[in-house]
Amino acid sequence: MFNDISSPLALLETRRSGRPRDMIAPGPDAAQLARMLAIATRIPDHGKLAPWRFVVIDDRAAFARLLADAYARERPDAGKLELQANADFAHQAPVLVAAISTPNAGSKIPRWEQELSAGAAVYNLELAATAMGFVAGWLTGWACASPLVLEALGGKPDDRMAGFVFIGTPSRELEERPRPALDEVVRHWP
Ligand SMILES: Cc1cc2nc3c(=O)[nH]c(=O)nc-3n(C[C@H](O)[C@H](O)[C@H](O)COP(=O)(O)O)c2cc1C
């Protein structure tokens with residue numbers, strides 16, 4: 001299957017992530033990416049704090065070097081395969097956006113609510129990319145837990161990486177995956 005973007009409901013009912021390693025060109029151009037990012041900011045945000053930031057990774061080679069340096073410092077015993085996996089991660093898909101949850105600690109809005117807003121922002125970025133005919137994939141992994149990566153991407157110590165969003169064109173069909181039965185996740189009360 002490919003995502004059905006013929007109507008808003010079809011999009012929501014069929015959206016699937018793509019696997020970043022299977023993404024090929026074209027990716028969004030600068031105007032399309034700006035449009036997606038604007039849509040990503042159009043999400044519920046208690047207190048209007050905009051507690052999230054996006055970092056478009058323009059230089060993949062520099063990003064690969066950042067991952068290699070951080071990994072070497074945090075896991076000096078790393079083997080060749082792990083180093084190669086990091087390099088592959090950095091170079092996959094035409095476009096890569098890092099998302100950072102940047103809660104405002106001084107606000108009366110609880111941190112959890114601000115972090116939920118960050119998740120919504122990342123998802124809207126994925127949804128916008130899908131609606132524009134691309135495919136998106138949201139990955140985390142060790143780099144999202146690395147203080148060195150966070151700092152290098154402009155995050156403060158109290159921020160958290162929300163994930164890496166890869167965007168491109170799928171090189172293969174997207175397989176459907178099982179979804180929870182509604183009665184497993186929804187109940188009426190009382
Ligand atoms: C916060 C977050 C982090 C994720 N990190 C990974 C990851 O590191 N690797 C991975 O394979 N999938 C990860 N996923 C799952 C994929 O983004 C995707 O949702 C999943 O493959 C299901 O596909 P679907 O979106 O088409 O249902 C993550 C999802 C979320 C919400």
Side-chain angles (χ1 to χ4, degrees), residues 1-6 8-24 27-28 36-37 39-40 43-45 51-55 57 60 63-64 66-67 70-71 74-75 78 81-103 111-150 153 155 159-182 184-186:
M1 63 168 269
F2 289 98
N3 288 307
D4 179 354
I5 58 172
S6 59
L9 279 180
L11 166 69
L12 294 170
E13 286 175 336
T14 66
R15 182 214 59 85
R16 271 238 60 189
S17 298
R19 261 200 302 237
R21 65 173 178 272
D22 293 337
M23 291 180 196
I24 56 175
M36 286 174 200
L37 289 164
I39 292 169
I43 40 87
D45 172 11
W52 15 260
R53 292 291 182 271
F54 295 101
V55 183
I57 309 291
R60 297 299 190 87
F63 183 58
L66 165 63
L67 294 188
Y71 207 78
E74 292 175 7
R75 302 177 198 204
L81 282 179
E82 291 161 79
L83 299 178
Q84 186 58 47
N86 286 335
D88 293 346
F89 183 90
H91 288 287
Q92 42 188 6
V95 164
L96 169 57
V97 179
I100 308 178
S101 166
T102 59
R111 183 184 178 100
W112 168 234
E113 296 186 19
Q114 299 185 49
E115 290 174 336
L116 288 174
S117 182
V122 176
Y123 181 61
N124 240 28
L125 176 61
E126 291 202 296
L127 207 49
T130 310
M132 292 168 74
F134 299 100
V135 72
W138 177 356
L139 303 187
T140 42
W142 73 269
C144 271
S146 163
L148 296 172
V149 172
L150 176 68
L153 295 181
D159 296 341
R160 284 178 88 166
M161 295 295 308
F164 296 100
V165 181
F166 295 87
I167 303 169
T169 298
S171 63
R172 57 170 67 189
E173 286 202 25
L174 311 170
E175 287 161 25
E176 188 46 301
R177 71 170 175 94
R179 303 285 165 179
L182 265 197
E184 285 172 19
V185 294
V186 179

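For ligands, and for the atoms within them, numbers begin at 1 and follow the listed sequence. All heavy atoms count here, side chains included; hydrogens, waters and symmetry mates do not.
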Any side-chain heavy-atom pair from S17 and R19 closer than 4.5 angstrom? no
Got a sec, which residues hit side chain to side chain donor-acceptor pair (under 3.5 Å) with E184, two or more places apart in sequence or on another chain? none
Checking R111 now: which residues fulfil side chain to side chain donor-acceptor pair (under 3.5 Å) with it, not counting sequence neighbours? E115, D158
Between R172 and E175, is there a salt bridge with N-O shorter than 4.0 Å? no
Donor-acceptor pairs under 3.5 Å, side chain of residues 129-143 to any protein atom, not counting sequence neighbours: which ones?
{"from": "T130", "atom 1": "OG1", "to": "E126", "atom 2": "O", "distance (Å)": "2.7"}
{"from": "W138", "atom 1": "NE1", "to": "A162", "atom 2": "O", "distance (Å)": "3.0"}
{"from": "W142", "atom 1": "NE1", "to": "N86", "atom 2": "OD1", "distance (Å)": "2.8"}

For ligand 1, protein residues within the heavy-atom limit of under 4.0 Å are R15, R16, S17, W138, L139, T140, G141, R177, R179
Should E176 and R16 count as side-chain neighbours, where that means a heavy-atom distance under 4.5 Å? yes
